Amino acid sequence: MLDASEGYTTEDGRKIGGVVMEMKNITLRFGGVVAIKEISFDIREGEIRAIIGPNGAGKSSMLNVISGFYLPQEGEVWFRGERRPQMKPFEVARQGIARTFQNIALFEGMSVLDNVMTGRLNHMKSGLFAQALWKGRAEAEESANRKVVENVIDFLEIQHIRKTPVSRLPYGLKKRVELARALAAQPKLLLLDEPMAGMNVEEKEDMSRFILDVNDEFGTTIALIEHDMGVVMDLSDRVVVMDYGRKIGDGTPDEVRGNQEVIDAYLGVSHD
Amino acid sequence: MPEQLIFAMEVILNGLMAGVLYALVALGFVLIFKASGIFNYAQGVMALFAAMTLVGIMQGQVPFSHLINATFGLHVTHFGWQVPAVVAIALTMAVMVLLAWCVQRFVMRHLVGQEPIILFMATIGLAYFLEGVADLMWGSEIKTLDVGLPQGINLWIDETTFNIFGYGFFIDNLDIVATVIAALLVAALVAFSQYTKQGRAMRAVADDHQAALSVGISLNFIWIMVWSVAGFVALVAGIMWGTKSGVQFSLSLIALKALPVLMLGGFTSIPGAIVGGLIIGVGEKLFEFAIGPLVGGATENWFAYVLALIFLVFRPQGLFGEKIIERV
Ligand SMILES: Nc1ncnc2c1ncn2[C@@H]1O[C@H](COP(=O)(O)OP(=O)(O)OP(=O)(O)O)[C@@H](O)[C@H]1O
Ligand SMILES: [Mg+2]
């Protein structure tokens, strides 16, 4: 089923394209702690790629390497066929990689709408002087951006809270607003760090549906970290399994589930 | 109307106008504090530096002339030309942007993620450094600054109030201009932060660094911009104060007056800086007028601080500051 060179077709019939992001032999250390040890894997166009593993396995670290928040000591990051030079997180974001955080990083002092609007900052071209001089063009750009934002807000069903200050929202909705902000950037690659952590069953189902819909309707490539094995099996096309900074499995959910090393790593932990 | 009340009205008006200048300096503090969490002790010195640079450029002074003369045995002081005020203001603004860049590049960039107290200490260092540079560049003598702002008593107000109350108010034209300019400045700042890309990015950085990075905002760029904006506010404040009371080193002490203003208004609130400035301005003039004679005068030296202290006890977050809730 997996064709190494030119993509593959999923069980539900979606076409997955070529490699978008490739991590080659990544090693990341914090002093004596090796958070990631010589890990390689790729993410393909249009797929939902999961990274799973026990606590402290190095999953968030991997996402932080992809998004430029952490700088690996060794290894190469390839994005859209080119080796990526050392980049700051904001430069990575400008390349079209959006993300959410495990501990939610929203602009607490702003409304939901303003938060989502910041996701469009990269797409605003008019500089300060252009905004003052060519009011017409700036306004056209503004309304185009607004349209994208309103679409995202509709899509994630948060119209009713669009004017609400984010600080007043419950946890589950905050996670959704964070996703909305990332989506507003219309990213080429979307990184989600435990999008369902701390949610109740109903919220989890909603979030799963949104992630599938985003992937389905916009063709967005998604890499996500998730603890809940059941959710991972339902959502993802391919899974990377990490344990103590190493990669111990990589493949379809079924392949990974049958892998002895993976079973051992999760031994004693009840999943499903 | 009783005479005392009429006098009091004049005092209040003058207090309001003095308050505008306090508010201007406080505004510079708030801008930087909001965006980077740095309490910029150097804001007052920046106003002084801006005013001195402006005078120096206008009069065609040779910068660092003492140093040059002492080193090379020369006697140059002036280029021999005068620069029009508008051009000189633009050039001074360019210098303030350069200063902003230097502050970020050589100081703040190396202190990212440090404790607020360390950042604060850095700005104290910056204040003294800048004061020294200003002295070395332009000399320490008192200078007059005249960029063509109207000065002297406003006759229209004088006549009108005389016709109504039988007593003409003394309101300085400069104060009126300062008030108008300050209002315009605040409106421009609000428009900037609400409606421009850079302004939005600035608010985002002020709110959450990590989130700002994740939507593609360069913190470095925003901080240079914020220091530049603070430099611009300092320039405006420097022009007003310099025109009013001459450009001299005591100008940097007005920064100290901004402190009670901030305690009153809250360190993170632009409306707070304005209202706080006005309250202090009116408060100290009115207090001096009403109570001053009873206690031997000169209450303006301490009134603002005592008021701020009382405020600190009852409302530590200031009038407009966010409520401080201890998380446990
Ligand atoms: N900024 C950091 N400084 C020092 N050590 C870190 C840092 N970030 C992560 N680590 C260490 O790297 C290892 C991997 O952490 P990471 O957060 O990537 O794990 P994780 O798989 O995301 O775990 P969890 O499921 O709990 O989120 C841990 O030992 C952690 O302590
Ligand atoms: Mg994690």
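This structure is a prediction, so every number in the text was calculated from the model and none was measured. Proteins come first, then strands; the chains are lettered A, B, ... in the order of their sequence lines, and each starts at number 1.
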* Asked: Measuring heavy-atom distances to chain B, does A/Arg120 have an atom under 4.5 Å in its side chain, in its backbone, in both, or in neither?
  -> neither

* To do: Measure A/Asn115 against the heavy atoms of chain B and call it side chain, backbone, both or neither at under 4.5 Å.
  => neither

* To do: For B/Ser228, check side-chain contact (heavy atoms from CB on, under 4.5 Å) against everything at least two apart and list the hits.
  => B/Val97, B/Ala100, B/Ile224

* **Interatomic distance, B/Lys197 atom NZ to A/Glu142 atom CD [nearest 0.5 angstrom]** => 12.5 Å

* Structure fact -> CZ of A/Phe90 to CD1 of B/Ile222, rounded to nearest 0.5 Å, is 10.0 Å

* Structure fact -> Applying a strict 4.5 Å limit to non-hydrogen atoms, the region of A/Glu91 in contact with chain B is neither

* Asked: By a 4.5 Å heavy-atom criterion (distance strictly below it), what part of A/Thr118 contacts chain B: side chain, backbone, both, or neither?
  -> both

* Asked: Taking only heavy atoms into account, what residues of residues 191-199 of chain A are found under 4.5 Å from chain B?
  -> none

* Could you tell me which residues in residues 182-191 of chain B have at least one non-hydrogen atom under 4.5 Å from a non-hydrogen atom of chain A, sorted by residue number? => none

* Asked: Between B/Asp207 and A/Gly109, is there a donor-acceptor pair closer than 3.5 Å when you use the side chain of the first and the backbone of the second?
  -> yes

* Does a sphere of radius 6.0 Å around CZ in A/Arg84 hold more than 12 heavy atoms from other residues, nucleotides or ligands, not counting ones at 6.0 Å or beyond? -> yes

* Asked: After noting the C-alpha distance and the side-chain angles of B/Asp208 and A/Glu108, does the key distance pass the side-chain contact (heavy atoms from CB on, under 4.5 Å) rule?
  -> CA-CA 8 Å; B/Asp208 191 307; A/Glu108 294 280 331; 5.9 Å; no

* Asked: In terms of heavy-atom pairs under 4.5 Å, which option from A/Asn122, A/Val92, A/Ile97 contacts chain B the most?
  -> A/Asn122

* Structure fact -> Applying a strict 4.5 Å limit to non-hydrogen atoms, the region of A/Phe107 in contact with chain B is both

* Residues forming a salt bridge (charged side-chain N to carboxylate O under 4.0 Å, His left out) with A/Arg94, sequence neighbours excluded -> none

* Asked: At a heavy-atom separation under 4.5 Å, does A/Leu106 approach chain B through its side chain, its backbone, both, or neither?
  -> backbone

* Asked: When only pairs under 4.5 Å are counted, which of B/Gln210, B/Arg203, B/His209 shares the most heavy-atom pairs with chain A?
  -> B/Gln210

* Heavy atoms only, distances under 4.5 angstrom: which of A/Arg181, A/Met117, A/Lys88 has the most pairs with chain B? Name it, please. => A/Arg181

* Who among B/Gly199, B/Ser214, B/Gly216, B/Ala201 has the most heavy-atom pairs with chain A under 4.5 Å? -> B/Gly216

* Asked: Is the number of heavy atoms from other residues, nucleotides or ligands under 6.0 Å of B/Phe232 CZ greater than 12?
  -> no

* Asked: Considering only heavy atoms, which portion of B/Ala206 lies under 4.5 Å from any heavy atom of chain A: side chain, backbone, both, or neither?
  -> neither

* Structure fact -> Scored by heavy-atom pairs under 4.5 Å with chain B, the best of A/Met110, A/Arg99, A/Glu178 is A/Met110

